[in-house]
Peer 1: 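Before anything else, here's the structure in question.
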Amino acid sequence: MTIAFSNFSGLDLAALPSLAKGEARTVRARQVLATDLSLVGYGHFVDDFALAETTIVPWPLKGSRPLVPGTGIEGGVVEDVFVMERRGQTLHAVNHAVGRSYLTGWFEDPPRASEAYAARDVSRLYTHEANYHPDGGQIFFPRTLTPFVALLAKPGDDVTPEDFVAFLFDGTRGVHIDPGVWHQPVFPLADRAIFDNRQGRVHACVSVDFVREFGAYVEVPLGGIRE
Ligand SMILES: NC(=O)N[C@@H](O)C(=O)O
C-alpha cells in the first residue's frame with residue numbers, strides 16, 4: 001500500500017506560529033497513569049492484540065426504521081503496523097493500515113524544529129491537532145515493551161485543548177480508544193516504536209486544529225508521572 005502524507009487539520013506546516021515569539025501559547029496536558037478506572041470514558045486496556053475486538057459503530061440512521069440485525073457494520077476493520085519515529089526534532093507516525101503518514105509533533109519551538117538536529121529535550125512534545133473516528137474504535141498495541149503516552153479527550157465536538165489528558169502506559173499493555181474519543185497517534189517514550197494497529201476500514205476522521213482554533217499547541221508530557 002502506498003503511504004500518503006496527511007495533514008488532517010489543514011494547518012500550514014510551513015508557517016507555524018512561534019512559541020518563542022509569543023505567536024502561540026501552550027496548554028500542558030494533565031498526565032495520569034493509565035488504569036482501568038482512569039480510562040473510563042476514553043477506552044480500555046488490550047492484553048492480547050490477536051483476540052481484541054475493535055468497536056465498529058453501526059451505520060447511522062435518519063429514519064425511524066432500525067437496521068437489519070448484523071448489517072451496517074460489515075465494513076469491518078483494517079490492521080497493520082503503526083510506526084512512530086523521531087526525525088530529528090520532529091515526531092512522525094506512519095499508519096500502514098490506511099496508508100497515511102502524519103507529522104504528530106515537535107520537540108522544539110515548532111517553526112524552528114529541524115529534522116537535521118537531534119532533539120534536546122524529549123520530556124515533552126508540542127502537538128497541533130487531534131482527531132476522532134465516528135465509525136469505530138482504534139487499538140494501539142506496542143510490539144516491544146515500549147512505554148507510551150496516549151493523548152485523549154472524551155467525545156464532543158466542542159472539545160478544547162484543556163480537555164486532553166496524557167495517559168501513561170508502561171508498554172506491557174495496549175489500548176482500545178473508543179469511537180468518538182479524540183486522540184493523536186500514541187507517543188512512544190523512545191526514538192522509534194512499532195505498534196500493531198486495528199481500526200475501522202471506513203476510517204472516518206473528524207479533526208480539531210488547536211493552533212487555528214485556539215491559538216495554542218498542546219504540550220504532551222512524556223516523562224514519568226509528576227502527579
Ligand atoms: N492522525 C491520527 O490520529 N491518525 C490515526 O488515528 C489514524 O487512524 O491514522
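Start at 1 and go down the list; that is how both ligands and their atoms are numbered. When a residue number appears, it is its place in the shown sequence, counting from 1. Below, each value reflects all heavy atoms present in this structure, side chains not excepted, and no hydrogens, waters or symmetry copies. In this text, all values refer to a predicted model and were calculated from it rather than measured experimentally.
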Peer 1: Go through the side-chain N and O atoms of D109 and Y217 and say whether any donor and acceptor fall under 3.5 Å apart.
Peer 2: no
Peer 1: Under the criterion ring-ring contact (aromatic ring centres under 6.0 Å, His included), which of Y42, F210, F8, Y132 is the partner of W182?
Peer 2: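 It is Y132, the one option of Y42, F210, F8, Y132 that forms the ring-ring contact (aromatic ring centres under 6.0 Å, His included) with W182.
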Peer 1: Among L151, N7, V186, N131, which one puts a heavy atom closest to atom 1 (N) of ligand 1?
Peer 2: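 Among L151, N7, V186, N131, the closest heavy atom to atom 1 (N) of ligand 1 comes from N131.
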Peer 1: I need the contact type for H133 against ligand 1. Using non-hydrogen atoms and a strict under-4.0 Å cut-off, is it side chain, backbone, both or neither?
Peer 2: side chain
Peer 1: Give the atoms of ligand 1, by number and element, whose distance to some non-hydrogen atom of Q138 is under 4.0 Å.
Peer 2: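 Here the atoms of ligand 1 in question are 5 (C), 6 (O), 7 (C), 8 (O).
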Peer 1: Distance-only, no hydrogens or angles: does the R198 side chain make a donor-acceptor pair with backbone N or O of A52 under 3.5 Å?
Peer 2: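 Indeed, once roles are kept as given, a pair shorter than 3.5 Å links the two residues.
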Peer 1: Give me the residue, atom name and distance of the protein heavy atom closest to atom 6 (O) of ligand 1.
Peer 2: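 Nearest protein contact, heavy atoms only, for atom 6 (O) of ligand 1 is H183 NE2, 2.8 Å.
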Peer 1: Relative to each other, are the rings of F141 and F49 parallel, tilted or perpendicular (30° and 60° limits)?
Peer 2: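 F141 and F49: tilted rings.
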Peer 1: Is there a nitrogen or oxygen of Q199 sitting under 3.5 Å from a nitrogen or oxygen of ligand 1?
Peer 2: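 Between Q199 and ligand 1 (N or O atoms, distance only) the closest approach is under 3.5 Å.
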Peer 1: Passes ring pair (Phe, Tyr, Trp, His ring centres under 6.0 Å), F140 versus F148? Steps please.
Peer 2: CA-CA 10 Å; F140 291 91; F148 63 94; 7.8 Å; no
Peer 1: Applying a 4.0 Å heavy-atom criterion (strictly less than), which segment of E129 is in contact with ligand 1: side chain, backbone, both, or neither?
Peer 2: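 Neither; nothing of E129 gets under 4.0 Å from ligand 1.
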Peer 1: For atom 9 (O) of ligand 1, what is the closest protein heavy atom, and at what distance to 0.1 Å?
Peer 2: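 That would be Y102 OH, 2.6 Å.
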Peer 1: Would you tell me whether Q199 and N197 have side-chain atoms, one donor and one acceptor, within less than 3.5 Å of each other?
Peer 2: yes
